[in-house]
Chemist: 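I have a structure I would like to understand better, so I am pasting it below and will then ask my questions one at a time.
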Amino acid sequence: MNILIIEDEYSLADAIAETLKNEKFNFCIKTNGEDGEDEAFTENYDLILLDVMLPKKNGFEILRTLRQAKIKTPIIMLTAKSEMADKLNGLEHGADDYITKPFAMRELMARIKAVLKRTNNIENTDYLEYGDLILDLKNAKLKSNNNEIQISGKELELIEQLLMNKNQISSRESLAERIWGYESDSEYNNVEVYITFVRRKLKLIESNVNIKAIRGVGYKLEIKNLSAE
Ligand code: CA
C-alpha cells in the first residue's frame with residue numbers, strides 16, 4: 001500500500017510516516033498544496049491523507065480538483081476542530097472520511113484500513129481466477145473444472161491475497177498482516193495452518209493450481225505441470 005501524506009506540519013507528517021512505516025506501508029510526504037496535488041495526479045497511491053489548511057492550495061480545493069478530474073484515489077481529510085463545519089463540505093465533495101486533529105495514530109490507522117477495505121471491496125469483482133481455479137468471493141467457494149468446495153472466511157482471505165498477488169511472492173508477514181492484523185507473532189503460525197487447509201481443498205477439487213512455498217520468503221501460486229506428475 002502506498003499512501004500520500006499532504007500535510008504542512010512537519011512533526012505531524014513525520015509521526016504519520018513513522019506509523020505507516022511500522023505498518024509496512026509506503027508513503028510520500030508533500031508539505032504544500034500544489035506539490036501535493038501534482039503528486040496526487042500521478043495516481044500512484046492507494047490512499048491520500050489530506051490536510052485542510054495548507055500553503056499554496058488548501059485541502060478542499062485539492063479535493064475538488066482531483067474529483068473533477070475523475071481521480072478516484074480514496075481521501076481522508078485531516079481537519080482541525082475549528083473546521084468542523086467544513087467536514088460535511090468535504091464529504092460532499094468526495095472525501096471518503098475525515099479525522100479531527102489532534103488524533104491518535106491508532107485511530108488514524110483504523111480509519112485508513114477501513115477506507116482501504118471499503119474501496120477495495122467496491123473494486124473487487126465477484127470472481128478471481130488462475131489456472132483452472134475460480135474463487136467465488138460472494139459464495140465463498142473454490143471451483144475447478146469439475147468440482148467446487150466451500151471455504152471458511154480466513155481461507156477465503158488467504159487464497160484471495162494469493163490470487164490478487166499471483167505474479168509475485170506473498171511473504172508470510174504480509175499475509176499475516178493482511179488477514180489477521182498486526183498484533184502478534186503467533187499470527188505467522190496461522191498463515192502456515194491456513195495454507196495447509198487451503199492446499200487440502202485445492203487437492204480435493206483436483207485443481208491444477210498449487211500453493212508453492214518459497215523457503216524463507218513466502219508463498220506463490222503455481223500451475224502444476226500435470227505431465228510431470
Ligand atoms: Ca495545516
Side-chain angles (χ1 to χ4, degrees), residues 1-124 161 164-165 171 173-174 176-184 187:
M1 289 291 163
N2 203 9
I3 314 280
L4 174 61
I5 306 165
I6 308 177
E7 169 62 65
D8 62 325
E9 260 173 72
Y10 285 84
S11 57
L12 178 59
D14 283 346
I16 295 171
E18 194 59 32
T19 307
L20 292 174
K21 214 184 332 181
N22 289 337
E23 302 271 351
K24 309 247 167 33
F25 284 72
N26 296 317
F27 60 87
C28 168
I29 300 174
K30 295 291 171 191
T31 54
N32 75 65
E34 278 175 11
D35 290 352
E37 186 180 286
D38 287 347
E39 194 61 33
F41 266 95
T42 65
E43 294 193 76
N44 285 336
Y45 298 90
D46 299 295
L47 186 138
I48 299 169
L49 298 173
L50 179 56
D51 184 26
V52 175
M53 294 304 289
L54 286 163
K56 295 189 179 172
K57 190 161 187 181
N58 88 41
F60 286 125
E61 291 175 67
I62 295 170
L63 174 66
R64 220 167 297 140
T65 309
L66 291 174
R67 292 308 188 231
Q68 273 166 8
K70 304 277 179 240
I71 290 177
K72 296 197 177 83
T73 312
I75 295 176
I76 298 178
M77 305 293 297
L78 312 176
T79 63
K81 267 224 165 75
S82 57
E83 295 150 5
M84 280 289 239
D86 293 332
K87 279 180 187 167
L88 278 175
N89 189 14
L91 290 173
E92 229 166 73
H93 285 96
D96 295 82
D97 202 355
Y98 56 83
I99 185 163
T100 308
K101 294 180 191 175
F103 48 80
M105 287 301 149
R106 214 199 171 101
E107 165 85 21
L108 179 67
M109 277 318 300
R111 298 289 184 90
I112 289 173
K113 285 176 195 171
V115 168
L116 285 173
K117 195 162 189 184
R118 204 163 68 216
T119 47
N120 283 335
N121 283 346
I122 291 163
E123 280 169 23
N124 271 351
Q161 285 300 325
M164 286 196 303
N165 300 296
S171 73
E173 291 79 6
S174 73
E177 285 166 7
R178 290 273 163 81
I179 300 166
W180 283 276
Y182 304 75
E183 286 88 29
S184 79
E187 314 299 5

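Please read these numbers as outputs of a predicted model, since none were measured by experiment. Atoms within each ligand, like the ligands themselves, are counted from 1 in listed order. Throughout, numbering of the chain's residues begins at 1 and tracks the sequence.
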Chemist: What protein N/O/S atoms are found closer than 3.0 Å to the Ca ion (ligand 1)?
Modeler: D8 OD1, D51 OD2, M53 O

Chemist: For the pair N2 (side chain) and N44 (backbone), establish whether a donor and an acceptor sit closer than 3.5 Å, ignoring hydrogens and angles.
Modeler: yes

Chemist: Work out which heavy atom in L78 is nearest to a heavy atom in D51; give both atom names and the distance.
Modeler: O-OD1, 3.3 Å

Chemist: Hey, is D35 close enough to K56 for a salt bridge, meaning N to O under 4.0 Å?
Modeler: no

Chemist: Do any N or O atoms from the side chain of N58 and from the backbone of M53 form a donor-acceptor pair under 3.5 angstrom?
Modeler: no

Chemist: Within the side chain of E7, is there an N or O that forms a donor-acceptor pair under 3.5 Å with the backbone of E9?
Modeler: yes

Chemist: I need the N32 CG to D8 CG distance, nearest 0.5 Å.
Modeler: 8.5 Å

